[in-house]
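Worksheet: one structure, shown below.
Residue numbering restarts at 1 for every chain, and letters A, B, ... go by the order of the sequence lines. Note that the structure is a prediction, hence the values are computed from the model and not measured.
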Protein chains: 2
Amino acid sequence: MNTTSCEVKPSATERCGCYTISDLAKEFEVTPRALRLYEESGLLEPQRDGQKRIYSERDRVRLRLIIRGKRIGCSLAEVKELFDMYDSSPGESGQIKRLLEKLDERRQALELQRSELALSLADIEQIEQRALETLRELENKGH
Amino acid sequence: MNTTSCEVKPSATERCGCYTISDLAKEFEVTPRALRLYEESGLLEPQRDGQKRIYSERDRVRLRLIIRGKRIGCSLAEVKELFDMYDSSPGESGQIKRLLEKLDERRQALELQRSELALSLADIEQIEQRALETLRELENKGH
DNA sequence: CGCTTTCTTGACGTTAACGTAAGCGTAAGT
DNA sequence: ACTTACGCTTACGTTAACGTCAAGAAAGCG
Ligand SMILES: [Zn+2]
Ligand SMILES: [Zn+2]
Ligand SMILES: [Zn+2]
Ligand SMILES: [Zn+2]
């Protein structure tokens, strides 16, 4: 951010660690609308300078996690579930164990995905081979 | 199917290769509604006995492919695209080349997915390790 | 001062892939 | 003949994750 309205008043040489909504939107190639949605879904909690949202470094880290989660097929609700557990766990060993269970669930899902993905790649290879054969036959006929 | 209304009149010892909508629905654990949607989307073309749909072995094979496609994140539209190309290609070398291109596209997408999936698994491992450490510390304090 | 940009809060629109009836016909069992 | 099961079409409902306006507030600029 680094504007006059920024509370932090950093030195000239270093960034203050504040981001506007479009700062993060550009950096992560998402729209401001998406960021507001993530907030509405309880995934981000930016501070306010008047009405304007001010995102901290922590928000930025979380946003990275959200996007990573989305890319592996997690819904926003699932991401929130993980965030909540991770937030509330420090201290409670029960929560940590539940977190570990959730992680195991997700890992199993991922490994299932991986094996199906391998099958699909094999399928593609097979179709490709047959298509290549057909192509060669066609070219031989051409002579 | 193997009913009196079946056109095929197979011998008693072998199945005729006809399936009702609920036959396939049960076998693949999808609803009849889904099968009708796949038909509406141009992915299945069952014959009719009056109004009733009669699915052939070919339809069954396609259904398997549809489901496999869905599980790796293909939309119905993408599946249809592949079906169409695969159907129209026999003979046309141009079509075959386009098919090969499409296959390459999909493989690239799959391999991207695979690498992101690997990253995610690594992430999970890391969080798991930290959680386990925290857990051990808590248990040590308990004594 | 007006102009432009960037932000805000609604609120409604969109797409995919079905779910969920409503209302009716047909077939099999008893 | 009555019931139960299954199937059909038509059509509206649902969820997720945004997109797309509209209308207005604050702030920098010449
Ligand atoms: Zn700042
Ligand atoms: Zn190959
Ligand atoms: Zn039959
Ligand atoms: Zn481990």
Using a heavy-atom cut-off of under 4.0 Å over every strand shown, decide if Thr31(B) touches base, sugar-phosphate, or nothing.
sugar-phosphate
Where each residue is assigned the nucleotide of DNA chain C containing its nearest heavy atom, which of Gln51(B) and Ala77(B) is assigned the position nearer the 5′ end?
Ala77(B)
Would you mind reading off the distance between Glu78(B) atom CD and dA16(C) atom P, rounded to a whole angstrom?
11 Å
Mind checking Ser22(A) for me? I need base, sugar-phosphate or nothing, with any heavy atom below 4.0 Å counting as a touch.
sugar-phosphate
Spatial distance of atom CD1 (Ile96(A)) from atom CG (Leu138(B)) [nearest 0.5 Å]
5.0 Å
Please pick, from dC7(C), dA17(C), dC18(D), the nucleotide with the shortest atom-to-atom distance to any side-chain atom of Ile21(A).
dC7(C)
To the nearest angstrom, how far is Lys52(A) atom NZ from dG24(D) atom P?
18 Å
Could you give the CG-to-C1' distance, from Asp49(A) to dA27(D), as a whole number of Å?
11 Å
Euclidean distance, atom CG of residue Leu37(A) to atom C1' of dA11(C) [Å, nearest integer]
14 Å
Atom-to-atom span, CD of Glu40(B) to P of dA11(D) - whole angstrom
12 Å
Taking only side-chain N and O atoms of Ser41(B), does any of them lie within less than 4.0 angstrom of OP1 or OP2 on dA17(C)?
no
For DNA chain C, whose closest nucleotide is more 5', that of Arg33(A) or that of Arg36(A)?
Arg36(A)
With no hydrogens and no angle check, is any side-chain donor or acceptor of Glu78(A) less than 3.5 Å from a backbone partner on Ser75(A)?
yes
Exercise: do Glu57(B) and Tyr19(B) side chains pair donor with acceptor under 3.5 Å:
yes
Take the protein atom CD1 of Ile66(B) and the nucleotide atom C1' of dA17(C), then report the distance between them rounded to whole Å.
13 Å
Do the charged groups of Asp59(A) and Arg62(A) touch, with an N to O distance under 4.0 Å?
no
In whole angstrom, what separates Arg53(A)'s CZ from dA25(D)'s C1'?
14 Å
Would one find a side-chain N or O of Lys70(A) under 4.0 angstrom from OP1 or OP2 of dA16(D)?
no
Whole-Å distance between dA16(D) P and Glu81(A) CD?
13 Å
Carboxylate-amine/guanidinium contact Asp104(B) Arg98(B), below 4.0 Å
no
Report yes if at least one side-chain N or O of Tyr38(A) is closer than 4.0 Å to OP1 or OP2 of dC18(D); otherwise report no.
yes
